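Note that the structure is predicted; figures quoted are calculated from it, not measured. Chain A is the first sequence line, chain B the second, and so forth, proteins listed ahead of strands; every chain is numbered from 1.
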Amino acid sequence: MEEDIKREDLDYVYREIELPLIPIIARMEKVGIKIDKEYLSNLSKEYHSDLEKIEKEIWKYGGREFNINSPKQLAEILFDEIKIGEVDGKSLGIKMKKTSGGARSTKESELEKLRSLHPIIDKILEHRELQKLLSTYIDTIPNSIGVDGRLHASFLQYGTTTGRFSSNNPNLQNIPTKTERGKRIRNAFIAEDGYVLASLALLSQDSYFIKTFQDRRDIHSAVAMKVFNVAEEDVTADMRRRAKVINFGILYGMGVTALSQNLGSNRKDAQIFYDNYFKQFPTIAHYLESIKTFAREHKYTRTLFGRKRYFPSINSPLPFMRAMAERMATNAPIQGTATADIIKIGMNKVEVELEKEGMLESVRMVLQVHDELVYEIRQKDLEKAKRIIENGMINAIPSEFIKDMTPVPLEVSMGFGKNWGELK
DNA sequence: CGCATACGCGCC
DNA sequence: AAACGGCGCGTTTGCG
């Protein structure tokens, strides 16, 4: 494949990023991460007890016992037996989506529409949450623990089209963070005695954006100020949340319909947000357009460091195929630069420095979650380790790749603690 | 019985 | 009717 790599100009990505990373990932997999089995066992008991209570309530509301985990049976109960969404046989006209297979969807965003009509809905959603946490994490992770008491997942360097890692057996890149019940699972990921866990996260990167970063202000709040036309002190938590949706969604090609659903607003308002966004950030609109133009001509895109992804259907006569390819083409260099190239280079740099200092035993990388690295560090080496890790990541971008660009500091944040759930 | 698919949902 | 990007995996269901 040497010739292919040369012909495709992938030399830097291959030799400077991916190759040196192989033994580093091998070591991370071999080291694994310590799990508090007893903590998970206690959590399991608590959540199973909650689950059973909720199950009985759902059956009571439903009028009979049925398998709540079956979307098919659930739809029968909700729509054929309780007839939620109808009054005296007349439909209330709530538009419920169908699944790709034509069945009545029971996914969360659909059930939300029925929330105020029947108390069973809240119970079903709570049941779903508990069932998910138990079956995917709490009752399953312990089965993967090795004789050394540690979990050795796989991290696949070739696992994605954008250059990110993927993780499996088990997947340690989707451990819950969102809900209170979910967060508690992270407490089960612990440090060895005499060690602490440290997490390093990359903070995200137009002139307004760059200025915001240089001033070390919050990017989503800054965008909220612009799109809602308010002063910094008048940005509410809800405005910030909406701005964040806009930031990520629009960047990845979200349409006005999806935007309105995400914001919980009507289409007209969503269209106003959408137009206002690109009016306020014309350089972003221009950047996204230039990626598409390049992709249409060359059938591929590249990240900042040259990682390549092909889009054979970018000029398809089918509008949907074409639009899909355009979204993937604009996403690939953004996602790939930030959460593949940069963090991979940083991982290499940190490891080189640790090896130089003879610290590979006392500082071990244990997890990678796209923009986050988790290290297990011997307590007494913490200060020095912190400097090395932070420096390696902050200096990840070699200057020759950004010589024509406005300098933007690569910001990181670090937290420390005895488990993954409470890193401060 | 094993396998593939549909559905749903966890993360960044 | 009309799809923001990238993943892995659990349970259910139907098929060979």
Under 4.0 Å, counting only non-hydrogen atoms across every strand here, what does [X] touch: a base, just sugar-phosphate, or nothing?
{"X": "A:Lys178", "result": "sugar-phosphate"}
{"X": "A:Thr339", "result": "nothing"}
{"X": "A:Gly249", "result": "base"}
{"X": "A:Thr330", "result": "nothing"}
{"X": "A:Gln73", "result": "sugar-phosphate"}
{"X": "A:Glu372", "result": "nothing"}

Please determine whether a side-chain nitrogen or oxygen atom of [X] lies at a distance below 4.0 Å from atom OP1 or OP2 of [N].
{"X": "A:Ser100", "N": "B:dA6", "value": "no"}
{"X": "A:Ser105", "N": "B:dG8", "value": "yes"}
{"X": "A:Thr136", "N": "B:dG10", "value": "no"}

Discussion item. Just to be sure I understand the geometry, which residues of residues 142-165 of chain A put a non-hydrogen atom under 4.0 Å away from DNA chain B?
Written reply: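 When residues 142-165 of chain A is checked for heavy atoms under 4.0 Å from DNA chain B, the hits, listed by number, are A:Arg164.
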
Item to complete: With DNA chain C as reference, determine whether A:Pro170 or A:Ser70 sits nearer its 5' end, using the nearest nucleotide of each.
Response: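 First, find each residue's nearest nucleotide; the 5'-ward one identifies A:Pro170.
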
Worksheet item: A:Asn168 or A:Gln131: which one's nearest nucleotide on DNA chain C is closer to the 5' end?
Response: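 It is A:Asn168, whose closest nucleotide lies nearer the 5' terminus.
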
For the pair made of [atom1] in [X] and [atom2] in [N], what is the distance, rounded to whole Å?
{"X": "A:Ile124", "N": "B:dG8", "atom1": "CD1", "atom2": "P", "result": "12 Å"}
{"X": "A:Tyr137", "N": "B:dC11", "atom1": "OH", "atom2": "P", "result": "6 Å"}
{"X": "A:Asn67", "N": "B:dA6", "atom1": "CG", "atom2": "P", "result": "20 Å"}
{"X": "A:Lys132", "N": "B:dC7", "atom1": "NZ", "atom2": "P", "result": "16 Å"}
{"X": "A:Arg181", "N": "B:dG10", "atom1": "CZ", "atom2": "P", "result": "13 Å"}
{"X": "A:Gln368", "N": "B:dC11", "atom1": "CD", "atom2": "C1'", "result": "12 Å"}
{"X": "A:Ile141", "N": "B:dC11", "atom1": "CD1", "atom2": "P", "result": "13 Å"}
{"X": "A:His127", "N": "B:dC9", "atom1": "NE2", "atom2": "P", "result": "13 Å"}

Tell me whether [X] at atom [atom1] has more than 12 heavy atoms from other residues, nucleotides or ligands lying less than 6.0 Å away.
{"X": "A:Lys308", "atom1": "NZ", "result": "yes"}
{"X": "A:Asn266", "atom1": "CG", "result": "yes"}
{"X": "A:His48", "atom1": "NE2", "result": "yes"}

Worksheet item: Which nucleotide span of DNA chain C, 5' end to 3' end, has atoms closer than 4.0 Å to non-hydrogen atoms of chain A?
Response: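 Result: C:dA3 to C:dG14.
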
Fill in: Heavy-atom pair of closest approach, residues A:Leu197 and A:Leu423
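Nearest heavy atoms, A:Leu197 then A:Leu423: O-CD2, 3.7 Å.
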
Spell out, as yes or no, whether a donor-acceptor pair under 3.5 Å connects the side chain of [X] to the backbone of [Y].
{"X": "A:Gln173", "Y": "A:Gln368", "result": "yes"}
{"X": "A:Thr136", "Y": "A:Leu133", "result": "no"}
{"X": "A:Tyr274", "Y": "A:Ser260", "result": "no"}
{"X": "A:Lys344", "Y": "A:Gly163", "result": "yes"}
{"X": "A:Ser167", "Y": "A:Leu172", "result": "yes"}

Fill in: Integer angstrom distance from the C1' of B:dC3 to that of C:dT11
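Pairwise C1' distance, B:dC3 against C:dT11, rounds to 15 Å.
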
Discussion item. Using atom P in both nucleotides, what's the gap between C:dC9 and B:dA4 to the nearest angstrom?
Written reply: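 Roughly 15 Å separates the two P atoms.
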
Discussion item. Tell me whether A:Glu129 is salt-bridged to A:Lys132, with the criterion being a basic N under 4.0 Å from an acidic carboxylate O.
Written reply: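 Result for this pair is no, no salt bridge flagged.
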
Discussion item. Applying a 3.5 angstrom cut-off to the pairing atoms, does DNA chain B sit in any stems of at least three consecutive Watson-Crick or G-U pairs? List them by first number.
Written reply: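 Stems found: B:1-4 with C:13-16, B:6-12 with C:5-11.
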
Worksheet item: Should the ring pair A:Phe155 and A:Phe165 be called parallel, tilted or perpendicular, given that the plane angle runs from 0 to 90° and is split at 30 and 60?
Response: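 If you compare the ring of A:Phe155 with that of A:Phe165, the planes turn out perpendicular.
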
Discussion item. Ring centroids only, cut at 6.0 angstrom: are A:Tyr137 and A:Tyr47 within range, meaning strictly under it?
Written reply: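 Ring-ring flag for A:Tyr137/A:Tyr47: false, centres at least 6.0 Å apart.
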
Discussion item. Side chain of A:His370, heavy atoms from C-beta onward: which of B:dG8, B:dC12, B:dG10 has the nearest atom to it?
Written reply: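 Shortest atom-to-atom distance from the side chain points to B:dC12.
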
Worksheet item: Where the side chain of A:Pro71 is concerned, which of B:dC9, B:dC7, B:dC11 is the nearest nucleotide?
Response: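 When the side chain of A:Pro71 is considered, B:dC7 is the closest of B:dC9, B:dC7, B:dC11.
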
Practice prompt. Could you point out which residue of A:Met328, A:Met324, A:Arg322 forms a side chain to side chain contact (heavy atoms under 4.5 Å, CB included) with A:Glu326?
Written response: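 Exactly one candidate clears the test, A:Arg322.
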
